[in-house]
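The block underneath contains the structure these notes are about, expressed in structure tokens.
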Amino acid sequence: NCSREQRALIQAILKAYERHQIPHDVAKKLLHDQYSVEENFLLLTEMATNQVQVLVEFTKNIPGFLSLDHEDQIALLKGSAVEAMFLRSAQVFSSKTPAGHTEVLEDRIRKSGISEEFIIPMFNFYKSIGGLHMNPEEQALLTAITILTPDRPYVKDQSKLCTLHHPHEPQYFARLLGRLTELRSLNHYHTEIISSWRVSDHKFTPLLCEIWDVQ
Ligand SMILES: Cc1cccc(C)c1-c1noc(C(C)C)c1COc1ccc(-c2ccc3cc(C(=O)O)ncc3c2)cc1
């Protein structure tokens with residue numbers, strides 16, 4: 001099983017993950033703001049901007065991240081922001097709390113000007129993540145893995161935690177990694193989604209423009 005320092009590392013990542021969440025008053029806007037394609041796009045832009053800020057804070061609290069070369073820190077965040085946000089929004093769908101966010105988030109994403117050809121794989125991914133029933137430790141760890149190793153082969157010792165929580169499912173960690181491959185493909189779809197929004201003159205916030213290299 002996990003060594004003492006691995007447990008400490010996982011606890012540090014879990015604590016950072018639980019500490020850095022979208023503020024409730026921002027998430028609650030999902031329930032109250034108007035419903036139109038334009039309003040949905042604006043609200044999702046606000047959610048994404050908040051989510052990037054939360055992701056940066058979470059990442060800075062991952063032990064060792066701040067000792068990386070600054071260029072690498074930026075490159076890791078830029079390379080993984082979309083995947084980390086798919087993961088985070090997917091966890092909203094599978095957590096079903098707070099009440100109501102799941103339905104309205106799904107509805108607003110479906111009616112925000114994203115073409116059906118991208119909606120289908122996006123919501124297939126949301127369903128497949130929900131089916132994994134990840135606990136907060138696994139969600140935090142998977143997000144940290146997504147951010148820290150966007151291209152390098154995944155280190156093996158993360159698998160120890162999964163056997164701990166899913167002893168009856170020896171291939172559980174492989175299933176998790178399979179989701180990361182699916183997540184990678186959503187990255188490509190997302191690039192297309194961004195350019196189709198830009199064609200129809202949708203504006204993003206400075207932070208999103210910087211992290212997604214648009215405008
Ligand atoms: C559309 C899309 C799908 C997946 C990824 C991206 C980047 C986009 C995407 N692509 O572009 C955009 C904007 C710019 C239009 C988006 C919208 O991204 C997001 C990113 C995160 C969330 C988000 C995150 C955490 C939440 C926590 C809670 C809660 O704890 O209750 N509730 C609601 C939450 C909502 C929503 C939309």
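Just so you know, ligand 1 is whichever comes first in the structure, and atom 1 is the first atom listed for that ligand.
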Exercise for the section: Closest by any non-hydrogen atom to atom 14 (C) of ligand 1: pick that one out of V214, L208, I119, L186. Expected result: L208
Exercise for the section: Measure the distances from the heavy atoms of Q21 to every atom of ligand 1 and state whether one is below 4.0 angstrom. Expected result: no
Handout entry: Distance-only side-chain donor-acceptor flag, S3 / Q6, under 3.5 Å
Key = yes
Exercise for the section: Using distance alone, decide if ligand 1 has a nitrogen or oxygen within less than 3.5 Å of any nitrogen or oxygen in T45. Expected result: no
Practice task
State, with a plain yes or no, whether a side-chain heavy atom of F123 is found less than 4.5 Å away from one of I109.
Solution key: yes
Handout entry: Modelled atom types, side-chain donor and acceptor of R88 and T143, under 3.5 Å
Key = no
Problem - Close-contact set for ligand 1 against L30 heavy atoms, below 4.0 Å - result: 33 (C)
Problem - Atoms of ligand 1, numbered as shown, that sit under 4.0 Å from any heavy atom of M85 - result: 7 (C), 20 (C)
Completion exercise
Under 4.0 Å between heavy atoms, the region of T49 that gets near ligand 1 turns out to be neither
Exercise for the section: Please state whether the rings of F93 and Y126 are parallel, tilted or perpendicular, taking 30° and 60° as the class boundaries. Expected result: tilted
Practice task
Check the surroundings of atom NE2 in H32: do more than 12 heavy atoms from other residues, nucleotides or ligands lie under 6.0 Å from it?
Solution key: yes
Practice task
Using a 4.0 Å heavy-atom threshold (strictly under), name the region of H24 that reaches ligand 1: side chain, backbone, both or neither.
Solution key: neither
Handout entry: Backbone or side-chain N or O of W212 under 3.5 Å from ligand 1 N or O
Key = no
Completion exercise
Atoms of ligand 1 under 4.0 Å from any heavy atom of I22, numbered from 1 in the order shown, are 24 (C), 25 (C)
Completion exercise
Checking heavy atoms under 4.0 Å, the part of H190 that sits near ligand 1 is side chain
Completion exercise
Heavy-atom nearest pair, Y17 first then Q139, reads OH-OE1, 3.5 Å
Practice task
With heavy atoms of H101 as the reference, note each atom of ligand 1 found under 4.0 Å away.
Solution key: 29 (C), 31 (O), 32 (N)
Handout entry: Non-neighbouring partners of K29 that pass salt bridge (charged side-chain N to carboxylate O under 4.0 Å, His left out), sequence neighbours left out
Key = E46
Exercise for the section: Select the closest option to atom 3 (C) of ligand 1 among W197, Y126, F204, judged by heavy-atom distance. Expected result: Y126
Handout entry: side-chain hydrogen bond (donor to acceptor under 3.5 Å, both in side chains) contacts in which one or both residues fall within residues 104-114, not counting sequence neighbours
Key = N40-R108, E106-R110, D107-K111
Practice task
Assess whether atom CD of E71 is packed by more than 12 heavy atoms of other residues, nucleotides or ligands within 6.0 Å.
Solution key: no
Practice task
Check each of L31, L44, I194 against atom 13 (C) of ligand 1 and report the one with the nearest heavy atom.
Solution key: L44
Problem - More than 12 heavy atoms from other groups under 6.0 Å of CD on Q53 - result: yes
Exercise for the section: Check if M122 has a non-hydrogen atom at a distance under 4.0 Å from any atom of ligand 1. Expected result: yes
Problem - Proximity winner for atom 19 (C) of ligand 1, if only heavy atoms of A27, A84, A48, A81 are counted - result: A48
Fill in the blank from the handout: In ligand 1, the atoms that come under 4.0 Å of a heavy atom of R88 are 25 (C), 30 (O)
